[in-house]
Protein chains: 2
Amino acid sequence: MAPEQSRRPRPRAAADRPTIHDVAAAAGVSRGTVSRVLNGGANVSAKARLAVQEAVRTTGYVPNPAARSLKTRRAGSVAFLLTEPQERLFEDPTFGVLLHGCTKALARHDLPLTLLTAGTPEERARARRYVEAGHADGVLLVSGRAGEPLVGAFHRSGTPLVLCGRPIGQASGIAYVAADDREGARQMVRHLRERGHRRIATITGPLDTPGGVDRLAGYRDVMGEAAAPELVAVGDYSGAGGAAAMESLLRSAPDLDAVFVASDLMAAGAIGALHRAGIKVPDDVAVGGFDDTTIAAGTSPPLTTVRQPLPRIAAEMVRLLMEIIDGSPGAAVILPTTLVRRGSA
Amino acid sequence: MAPEQSRRPRPRAAADRPTIHDVAAAAGVSRGTVSRVLNGGANVSAKARLAVQEAVRTTGYVPNPAARSLKTRRAGSVAFLLTEPQERLFEDPTFGVLLHGCTKALARHDLPLTLLTAGTPEERARARRYVEAGHADGVLLVSGRAGEPLVGAFHRSGTPLVLCGRPIGQASGIAYVAADDREGARQMVRHLRERGHRRIATITGPLDTPGGVDRLAGYRDVMGEAAAPELVAVGDYSGAGGAAAMESLLRSAPDLDAVFVASDLMAAGAIGALHRAGIKVPDDVAVGGFDDTTIAAGTSPPLTTVRQPLPRIAAEMVRLLMEIIDGSPGAAVILPTTLVRRGSA
DNA sequence: CTGAAAGCGCTTACAG
DNA sequence: CTGAAAGCGCTTACAG
């Protein structure tokens with residue numbers, strides 16, 4: 001343990017902040033009545049309500065969340081948990097958009113979002129301790145790999161949990177929200193075929209992720225027997241990994257005329273590799289991506305890609321989590337993708 | 001108010017979790033002794049300590065954070081506040097890296113990070129309410145524009161606060177951590193000059209941000225009288241904005257032979273614009289960026305840029321905030337940048 | 001509709 | 001070194 005581990009913040013300033021007692025005194029009512037006004041105002045006379053509201057204003061009262069939490073047994077916040085080893089998370093705009101969308105959706109319920117990252121066993125233990133201490137009312141879990149231990153742990157402990165992406169290698173009954181990865185991949189590969197391409201390669205995501213598995217499956221659905229092994233390279237969702245996979249495909253299948261890449265970030269890497277090899281996009285090789293993040297508009301040529309409705313995914317994740325926290329059994333929500341045509345294919 | 005605003009989570013499962021009382025009973029000591037063991041263990045006999053530790057293990061006890069918080073008047077968490085209007089935040093990897101770095105550094109103090117975004121007045125009010133309710137022990141504030149109202153508000157209320165980037169248009173005495181933007185810009189422009197470029201343009205950040213102002217100042221330091229007005233275009237830190245600014249420069253100064261762009265994301269946009277104009281990078285026009293995020297390695301050609309030590313900035317922000325929470329007066333920390341040479345200049 | 005009272009689960013002087 | 005007790009600031013049956 002590093003010495004800093006024991007450093008904890010000191011109390012804030014003075015305890016001169018007004019409490020519910022001060023408000024009650026100012027309004028000339030009991031603390032119970034103040035509390036009732038603050039919590040929906042059932043069974044409160046208009047006169048009492050007005051007096052309390054006025055007193056809240058004049059005293060500048062803000063309820064103490066810890067006290068409220070202690071009594072209600074609700075944390076009043078939700079954890080957003082990223083389970084990935086690398087910094088890769090922040091290389092790919094996908095996560096940021098999701099994070100932002102969840103933050104916004106939660107804000108409408110006045111719930112803040114606590115960010116937890118858990119790439120190492122130590123971080124996993126910390127995240128679990130945090131949630132199971134009751135610090136969060138529920139967990140939004142992003143990027144779980146096959147058999148992610150925290151998914152199982154939270155599922156078993158009854159922690160309200162919603163995943164982003166179809167769970168792989170987990171017990172059934174886990175709530176999740178995902179784009180229709182498989183159909184999205186089909187849309188892209190069909191598009192490439194309609195444009196006359198036949199030797200269509202693919203760069204997949206990691207095969208222990210739903211985006212890796214399902215987008216490859218969609219590719220195979222459309223390609224059928226044309227999906228030769230030398231046309232498939234496994235990527236890792238990074239830009240550098242996309243470039244490396246492209247170079248490998250160029251060696252294994254030099255006659256390829258198109259490539260479907262399972263993420264925009266990898267597609268940007270692949271386009272770079274094609275440029276360096278002196279291959280023109282889309283004239284020599286067409287490139288299709290997946291995600292439609294800001295990366296897509298920025299490549300040269302701009303990337304034809306499959307749009308995941310990320311803001312909607314985030315909103316649905318929050319909606320589902322709220323329902324589960326309220327006692328619903330959860331669900332799987334699959335959202336449609338759309339093909340976005342730009343210059344690369 | 002939307003109806004969902006009133007929806008709040010219900011209590012978690014049963015209150016069957018062990019409390020400090022159960023641990024005390026199991027260990028055969030008082031609750032006070034359990035608490036002392038849990039909080040550093042001063043003045044506790046070895047025997048009592050062992051008994052308590054064993055009891056904690058057998059009962060599976062985890063302290064209730066709300067109860068602890070109520071008593072100690074510490075929130076036990078820190079807010080990471082992003083004050084920007086757009087989704088732009090998540091377009092630029094800079095923020096993600098910072099966020100990740102702060103999360104990791106805080107984790108070493110066992111403090112979770114709560115993400116707050118405040119681009120609109122409504123969000124600002126919410127963020128302020130949140131922090132001033134005592135939900136956070138301090139605030140890490142990123143991307144404050146000149147005169148950002150929340151900076152002033154937190155500073156005045158005595159909330160422990162550390163900014164990322166030099167504050168502009170604020171009272172003095174606000175703690176911050178920043179890269180040496182001005183010197184970093186000088187490094188890049190000097191490099192371009194050493195490579196023989198003379199008509200060096202620049203695309204700045206917004207001029208109400210420190211990165212906008214200070215990197216432009218560094219450019220002017222080196223360029224001197226060669227910094228003609230037609231060589232300066234103001235960008236907005238977005239990829240599209242970088243492209244637009246580049247196109248504008250190409251019109252105002254068609255003879256430019258290099259451009260220093262104040263962020264990698266804008267530089268990527270600028271390179272795209274140059275490609276579309278049929279201008280070769282770096283042969284016709286050299287391009288230098290700023291940040292050294294993952295974007296830099298992904299452009300074609302790879303971007304020569306100025307590295308901001310983002311992980312270190314994050315670590316220093318957390319270190320400073322901890323000190324301020326502990327009662328220190330704060331400080332300004334300026335970290336050196338380094339030139340990273342790749343293919344674009 | 002409202003007040004008085006109990007209690008959520010901790011921490012921390014205060015005695016001893 | 002340790003226990004008994006007070007109290008942090010709320011909410012919520014319970015009476016009335």
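Order of the sequence lines sets the chain letters (A, B, ...), proteins ahead of strands, with each chain counted from 1. For clarity, every value in this text was computed on a predicted model and none was experimentally measured.
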**Asked** If you pin A:V29 and B:Y61 to their nearest nucleotides in DNA chain C, which one's is more 5'?
**Response**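 Its nucleotide being nearer the 5' end, the pick is A:V29.
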
**Prompt:** Relative to the 5' end of DNA chain C, which residue comes earlier, B:G32 or B:N64, by the nucleotide with the nearest heavy atom?
**Reply:**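 Residue closer to the 5' terminus by nearest nucleotide: B:N64.
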
**P spacing across the pair C:dC14 / C:dC10, given as an integer number of angstrom** =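 Each nucleotide's P atom is 24 Å from the other's.
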
**Asked** On a whole-Å scale, what distance lies between the C1' atoms belonging to C:dG16 and C:dT12?
**Response**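 Between the two C1' atoms, the distance is 16 Å.
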
**Asked** Which is true for A:A48 with a 4.0 Å heavy-atom rule: it touches a base, it touches only sugar-phosphate, or it touches nothing?
**Response**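 Result for A:A48 = sugar-phosphate.
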
**Asked** Heavy atoms under 4.0 Å, any strand shown: does A:P65 hit a base, just sugar-phosphate, or nothing?
**Response**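 Contact class for A:P65: none.
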
Straight-line distance of [X] [atom1] to [Y] [atom2], nearest 0.5 Å:
{"X": "A:L321", "Y": "A:L141", "atom1": "CG", "atom2": "CG", "result": "11.0 Å"}
{"X": "A:S77", "Y": "A:H135", "atom1": "OG", "atom2": "NE2", "result": "7.0 Å"}
{"X": "B:I20", "Y": "B:Y61", "atom1": "CD1", "atom2": "OH", "result": "4.5 Å"}
{"X": "A:M317", "Y": "A:L161", "atom1": "CE", "atom2": "CG", "result": "9.0 Å"}

Are [X] and [N] close enough that a side-chain N or O sits under 4.0 Å from OP1 or OP2?
{"X": "A:S45", "N": "C:dT2", "value": "yes"}
{"X": "A:T33", "N": "C:dC1", "value": "no"}
{"X": "B:N39", "N": "C:dT11", "value": "yes"}
{"X": "A:R73", "N": "D:dT11", "value": "no"}
{"X": "A:S35", "N": "D:dT11", "value": "yes"}

**Prompt:** Ignoring hydrogens and angles, does a donor from either the side chain of B:R36 or the base of D:dG3 sit under 3.5 Å from an acceptor on the other?
**Reply:**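 Yes.
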
What is the separation between atom [atom1] on [X] and atom [atom2] on [N], rounded to the nearest whole Å?
{"X": "B:R31", "N": "D:dA5", "atom1": "CZ", "atom2": "C1'", "answer": "9 Å"}
{"X": "A:H135", "N": "C:dC10", "atom1": "NE2", "atom2": "P", "answer": "13 Å"}
{"X": "A:L38", "N": "D:dC10", "atom1": "CG", "atom2": "C1'", "answer": "10 Å"}
{"X": "B:I20", "N": "D:dG7", "atom1": "CD1", "atom2": "C1'", "answer": "15 Å"}
{"X": "A:L70", "N": "C:dG7", "atom1": "CG", "atom2": "P", "answer": "14 Å"}
{"X": "B:K71", "N": "D:dA6", "atom1": "NZ", "atom2": "C1'", "answer": "7 Å"}
{"X": "A:R74", "N": "D:dT12", "atom1": "CZ", "atom2": "C1'", "answer": "12 Å"}
{"X": "B:H21", "N": "C:dC8", "atom1": "NE2", "atom2": "C1'", "answer": "14 Å"}

**Request:** Determine which nucleotide pairs with D:dA13, using a 3.5 Å limit on both distances of a Watson-Crick or G-U wobble pair.
**Result:**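 Checking every strand shown, D:dA13 finds no partner, since no pair has both distances under 3.5 Å.
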
**Asked** Counting only N and O atoms by type, is there a donor-acceptor contact under 3.5 Å from the side chain of A:R68 to the main-chain atoms of A:A75?
**Response**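 Between the backbone of A:A75 and the side chain of A:R68 there is no qualifying donor-acceptor contact (under 3.5 Å).
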
**Request:** Hey, which sits more toward the 5' end of DNA chain D by its nearest nucleotide, B:A67 or B:S30?
**Result:**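 Its nearest nucleotide being more 5', the pick is B:S30.
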
**Request:** From the options A:L82, A:L81, A:T83, select the one residue that forms a side-chain contact (heavy atoms from CB on, under 4.5 Å) with A:V142.
**Result:**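 Passing option: A:L82.
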
